[in-house]
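Below, read A as the first sequence line, B as the second, and so on, with proteins coming before strands; counting in each chain starts at 1.
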Amino acid sequence: MLDPKFLRNDLEQTALRLASRGYTLDVELINQLEEKRKVLQVTTESLQAERNSRSKEIGQAAKRGEDITQIRAEMNVLGEDLERAKEDFALLAEEIKQIAYNMPNLPHESVPVGTDESGNIEILKWGEPKQFDFDVKDHVDLGEALGGLDFKSAVKISGSRFIVMQGQIAKLHRALAQYMLDLHTNHHGYTEMYVPYLVNADSLYGTGQLPKFGDDLFNTNPATEEGIGMSLIPTAEVPLTNMSRDMIYDESDLPLKLTAHTPCFRSEAGSYGRDTRGLIRQHQFDKVEMVQIVHPEKSFEALEELTGHAEQVLKNLGLPYRKMVLCTGDMGFGATKTYDLEVWLPAQGQYREISSCSNVGDFQARRLQARFRPTGAKKPELLHTLNGSGLAVGRTLVAVLENYQLADGRIEIPQVLQHYMGGLSHIG
RNA sequence: GGUGGAGUGGCCGAGUGGCCGAAGGCGCUCCCCUGCUAAGGGAGUAACGGGUUUAUAGCCUGUUCGAGAGUUCGAAUCUCUCCUCCACCGCCA
């Protein structure tokens with residue numbers, strides 16, 4: 001959620017910046033609503049103030065033994081007026097809130113302007129795509145031939161966009177997650193977390209999945225804003241970032257750097273027909289997530305650092321990748337700036353997203369009421385939150401299978417993983 | 001799942017209809033006293049929102065005592081629903 005003050009003071013400017021990411025802000029409508037809001041709120045509150053003070057008088061009069069039937073009759077009338085004003089105000093406030101909740105974050109000045117992914121800009125390329133002297137197979141063929149990827153069983157058990165892994169491939173998948181977690185905790189300063197996979201609606205509002213992106217979630221019954229139902233996490237960003245909800249940290253506690261390995265569940269509504277083959281787009285996939293909760297002045301610095309941590313995983317695995325800065329039109333809802341890391345997939349002959357690292361600024365923190373008290377200061381201030389995949393485990397498995405395949409269909413195991421595979425150097 | 005108890009400020013804890021945004025204590029900040037340490041004395045110390053304003057200063061004002069709804073001129077206090085925690089019983093990885 002944006003600072004409501006933007007809606008009052010910097011409306012034109014805000015509209016302009018939102019337009020760069022394809023969001024049209026109805027300036028005139030908001031001006032009208034704000035005008036009404038101001039009047040309604042002031043009248044409501046002054047009625048309230050009058051009732052408060054006169055109710056106090058009644059108490060004192062009653063204590064002195066005076067007759068209060070007259071004044072109580074007046075208060076009944078005032079009460080009705082107040083009731084009406086309150087209702088009108090609540091209605092209007094709700095309308096404004098809906099607009100506010102559905103407005104995306106403002107992009108940072110350094111973000112290139114564009115309408116879709118074609119406007120993203122490559123920042124760097126790391127590693128050379130390997131030249132194969134045989135016809136490369138994709139991860140589906142490789143995994144099935146090795147008996148490690150079982151799409152048929154997954155369809156039987158659950159449906160499409162699920163996977164059953166078996167044997168050494170299942171172990172390799174686990175090794176990847178393990179390795180990432182160890183790297184981030186031992187070398188990058190993150191605290192390992194184990195978190196719930198089912199979360200309540202408050203948490204989803206906090207990180208911005210609700211109200212706008214409810215269709216992407218898997219829910220338990222009845223699962224609505226007010227309901228008791230819970231949702232499966234679409235990313236560990238939700239539980240990790242919500243750690244800071246309703247908290248006031250000491251400045252000396254910052255930054256908080258959290259990481260967790262969790263499954264992620266996404267309904268993928270609206271992506272029918274896209275990436276139907278293989279592990280690229282699944283309803284359930286594992287991810288090692290990094291979250292940082294930082295001082296507002298440090299968040300862009302932290303974004304560079306956090307992205308670097310994700311890059312380090314790719315480097316250590318020897319997987320060629322490129323780093324993209326997303327343009328205004330392709331960024332996620334809450335992001336002020338996002339780097340995507342794309343790994344080279346030889347079978348597709350292209351780079352595919354494997355990590356997305358965003359500085360969310362105070363956008364989530366405002367909803368979360370995630371604050372800190374600057375040393376020596378009285379007033380708490382909003383924190384900034386960041387999140388990034390470090391990395392998506394399933395897609396990393398894809399990348400390892402495809403990049404490390406040998407002519408005979410075996411898979412070489414990257415150096416850093418061999419220790420996690422009991423010293424094994426090859427699969428198959 | 002059953003029965004009983006409880007949720008109040010950074011923390012502990014009082015408070016059964018108006019004098020309560022809330023006693024007292026701890027903690028914290030500032031000041032005084034003290035040769036050092038320890039002890040002592042005094043003052044201050046919730047968050048969020050609206051209006052006014054150059055102002056995150058001041059002033060006016062609203063909301064918040066687990067959440068929501070209700071009763072009432074008036075609710076931390078009474079009623080209902082829900083959530084959470086604690087104890088015991090049952091069940092269980």
Asker: At less than 4.0 Å, is any side-chain N or O atom of Asn52(A) found next to OP1 or OP2 of U63(B)? Yes or no.
Answerer: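 Answer yes for this pair, as a side-chain N or O of Asn52(A) is under 4.0 Å from OP1 or OP2.
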
Asker: Across all strands shown, which nucleotide pairs with G1(B) by Watson-Crick or G-U wobble geometry, both distances under 3.5 Å?
Answerer: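 G1(B) is paired with C89(B).
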
Asker: Look at the side-chain N and O atoms of Arg371(A) and state whether any lies under 4.0 Å from the OP1 or OP2 oxygen of C48(B).
Answerer: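 Checking C48(B) against Arg371(A), a side-chain N or O does come within under 4.0 Å of OP1 or OP2.
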
Asker: Whole angstroms only, please: what is the CZ-P distance between Phe372(A) and A47(B)?
Answerer: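 Whole-Å distance recorded here is 15 Å.
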
Asker: Assert yes or no for the condition that the ring centre distance of Tyr205(A) to Tyr101(A) is strictly below 6.0 Å.
Answerer: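 Yes, ring centres under 6.0 Å apart.
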
Asker: Using atom C1' of each nucleotide, how far apart are G1(B) and A69(B) to the nearest Å?
Answerer: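 Looking at atom C1' only, G1(B) and A69(B) are 27 Å apart.
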
Asker: Let me know the distance between CD of Glu34(A) and C1' of G49(B), rounded to the nearest Å.
Answerer: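 For the pair Glu34(A) CD and G49(B) C1', the rounded distance is 13 Å.
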
Asker: Can you give one letter per nucleotide of nucleotides 67-75 of chain B, 5' to 3': B if a protein heavy atom sits under 4.0 Å from the base, S if only from the sugar-phosphate, - if neither?
Answerer: ------BS-

Asker: Kindly say if Arg366(A) contacts the phosphate of C48(B), meaning a side-chain N or O under 4.0 Å from OP1 or OP2.
Answerer: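 No, Arg366(A) has no side-chain N/O under 4.0 Å of OP1/OP2 on C48(B).
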
Asker: Measure from CG on Leu47(A) to C1' on G51(B) and round the result to the nearest Å.
Answerer: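 Value for this atom pair: 15 Å.
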
Asker: Could you tell me which nucleotide pairs with U52(B) by Watson-Crick or G-U wobble geometry, both distances under 3.5 Å, or answer none if nothing does?
Answerer: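 In the structure as shown, U52(B) has G58(B) as its Watson-Crick or wobble partner.
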
Asker: Send over the distance from Gln41(A) CD to C60(B) C1', rounded to a whole Å.
Answerer: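 For the pair Gln41(A) CD and C60(B) C1', the rounded distance is 14 Å.
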
Asker: In whole angstrom, give me the gap between the P atoms of A87(B) and C82(B).
Answerer: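 Each nucleotide's P atom is 23 Å from the other's.
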
Asker: Kindly say if Gln48(A) contacts the phosphate of U63(B), meaning a side-chain N or O under 4.0 Å from OP1 or OP2.
Answerer: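 Answer is yes, contact under 4.0 Å.
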
Asker: Taking any strand in view, what nucleotide pairs with G15(B) in a Watson-Crick or G-U wobble way, both distances under 3.5 Å?
Answerer: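 Because both required distances fall under 3.5 Å, G15(B) counts as paired with U8(B).
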
Asker: Please determine, for C30(B), whether a Watson-Crick or G-U wobble partner exists with both distances under 3.5 Å, and give it or none.
Answerer: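 Here C30(B) is engaged in a pair, and the nucleotide opposite it is G42(B).
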
Asker: Of all of residues 80-97 of chain A, which get a heavy atom below 4.0 angstrom from RNA chain B, listed by number?
Answerer: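 Within residues 80-97 of chain A, no residue comes under 4.0 Å of RNA chain B.
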
Asker: What interatomic distance, in whole Å, is found between P of U77(B) and the corresponding atom of G9(B)?
Answerer: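 Roughly 15 Å separates the two P atoms.
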
Asker: Need the pair for C78(B). Rule: Watson-Crick or G-U wobble, both distances under 3.5 Å, any strand; none if unpaired.
Answerer: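 Per the H-bond distance test, G70(B).
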
Asker: Calculate the interatomic distance between Gln369(A) atom CD and G66(B) atom P; express it in whole Å.
Answerer: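 After rounding, the gap between these two atoms is 19 Å.
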
